[in-house]
Amino acid sequence: MADDAQPSRIDEEALHTYSPSVQLNLNIRGLGLSATLAINERSAALQAEGRKISRLGLGQSPFPVPDILQRALRENAHQKDYLAVQGLPALRAAICRYLKRTQDLDFDPEDILIGPGSKELMFLVQLVYYGDLVIPTPSWVSYAPQAQILGRPITWLPTHPETGLGVTADALRKVCADDPLRPRLLILNSPGNPTGTAYTPEALAEIAAVAREHRLLLLSDEIYGGVQFDGRHQSAARFYRGGTIISDGISKWAGSGGWRLGFFAFPKSLAWLRKAMAAAASETYTSVSAPIQHAAIAAFEGGPEMELYLQRSRAVLGALADHVSARLTRAGARVNPIKGGFYAFPDFEPLRNRLAARGMTTSAQLCEALLEEAGVATLPGSAFGRPEHELSLRLAFVDFDGASALDGLAAGETLDADFLKRHCGRVVEGIEAMARWAEG
Ligand code: GLU
């Protein structure tokens, strides 16, 4: 190497002598891995050390990728070309038929934008829309950090256990009263993560009226819609058509989180926003993996095989939700009624004195002790925007072999307590361990 090449080495060293905090974008400072993904990696590391861990941290579907999707993916392995930025036209058309069939809503393929998981699309919408983020406490762990990364102000809506810890029209009205026409993006998640709440049509209509009055942009996160236990998920778009974007994908109801495929459906009135997002997409992820897009068509087309898969998934999750609620309530926790998805959000407040005597006064301490002492991985309420000292946590009742549970139902087994022990044993054991530990 020539002598004059030496300075570059010195420069490289110099780069590392600055404090990282000086070189990082202000908005990202202090952010670690997203809580859901961090607990997953920590659980895996503990298991690798030989510890027995109930993995109730990350919320991913316990069920297998439906055979019909697996076959379609094999058949499309050869698809090699970049696809249109907005997504494969045939997939967008299938999504329109899905929205018509499940919600009786009319969309054209041009209204649909496909993304690498709805999470990325949520980031892009916050990037291109210049408004405050409005979310209930508790909310999914990533909405607020995305806003923080982008430097958007966040308004947390207070919630109440009586209304399932969800958004209420009253709380929304109060927030909007201060600066009524300020641009705001409200995210509504039904059925919800972390609470399992599903909004009633009446509640959606009331929220929609406030949203319309204040011209809010409503992002309706319906990623758990397909696993609402009664099979009757209703989209918020039915109540506020012109201002609602539907967000959905195949991660939670088609066992395909790792496939990374989500979509947004826009009303015509928001075509300008869709175009801006497509522009941002074209400069970042380009388009979603071609084989995955081709294969995903089968999930949205539905049909008897998909329908049976969905019915059985809902039945198993509904039975597990009942079991989790009943056992933790018996242990003394307050548990919100769970209407869909695979989460419970128990609050151990009634046990505060006993837990405080054992050194736990925050949700972070609660989850840390639960993991260390009982081997149960969960996430603290504080990761979802709850006050640090509230003794709430989120558990995802997904640590089981969903394929065996679906096979059990297909073979005509009765969905009772024995079924849950047989097919969802690790969850049942984990909940038992949590309950006994809390009763401690
Ligand atoms: N949505 C899932 C959860 O809340 C995990 C996926 C993610 O956070 O990216 O656990």
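Everything numeric here is computed off the predicted structure, so don't read it as measured data. Count residues from 1 along the sequence.
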### Query
If you draw the axis of the six-membered ring of Trp437, does the NZ or CZ of Arg358 fall within 45° of it and under 6.0 Å from the ring centre?
yes
### Heavy-atom pair of closest approach, residues Ile245 and Leu217
CD1-CD1, 4.1 Å
#### Entry: Close side-chain approach of Arg422 and Glu413, heavy atoms under 4.5 Å
yes
### Query
Thinking salt bridges, do Arg101 and Glu301 make one under a 4.0 Å N-O criterion?
no
### Task
Apply ring pair (Phe, Tyr, Trp, His ring centres under 6.0 Å) to Tyr199 and list each qualifying residue two or more places apart in sequence or on a separate chain.
none
### Task
Would you name the heavy atoms of Ser313 and Tyr309 that are closest together and state the gap between them?
OG-O, 2.6 Å
### Message
Going by side chain to side chain donor-acceptor pair (under 3.5 Å), name the pairs with one or both residues in residues 113-122, residues two or more places apart or in two chains.
### Response
none
### Sole candidate of Arg92, Lys268, Gln86 that passes side chain to side chain donor-acceptor pair (under 3.5 Å) when paired with Asp111
Lys268
### Task
Would you please indicate yes or no on a ring centroid separation below 6.0 angstrom for Phe266 and Phe107?
no
## Note on the structure
Heavy atoms of Leu105 and Ala237 approach each other most closely as CD1-CB, 3.8 Å
### Query
Are side-chain heavy atoms of Ile68 and Met306 found at a separation under 4.5 Å?
yes
### Message
Filter on side chain to side chain donor-acceptor pair (under 3.5 Å), then keep only pairs touching residues 174-187, sequence neighbours left out; what's left?
### Response
Asp132-Arg182, Asp179-Arg182
### Lys252 atom NZ, over 12 foreign heavy atoms within 6.0 Å
yes
### Query
Can we call the ring centroids of Tyr224 and Phe342 under 6.0 Å apart?
yes
### Task
Using the side chain to side chain donor-acceptor pair (under 3.5 Å) rule, take Thr137 and Arg386 through it: C-alpha gap first, then chi angles, then the decisive distance, then the call.
CA-CA 6 Å; Thr137 158; Arg386 296 303 292 172; 3.2 Å; yes
### Lys NZ or Arg CZ of Arg314 over Phe63 ring: under 6.0 Å, within 45°
no
### Task
Any chance you could lay out the side chain to side chain donor-acceptor pair (under 3.5 Å) test for Asp248 and Trp253, step after step, and finish with the verdict?
CA-CA 10 Å; Asp248 196 350; Trp253 52 261; 3.1 Å; yes
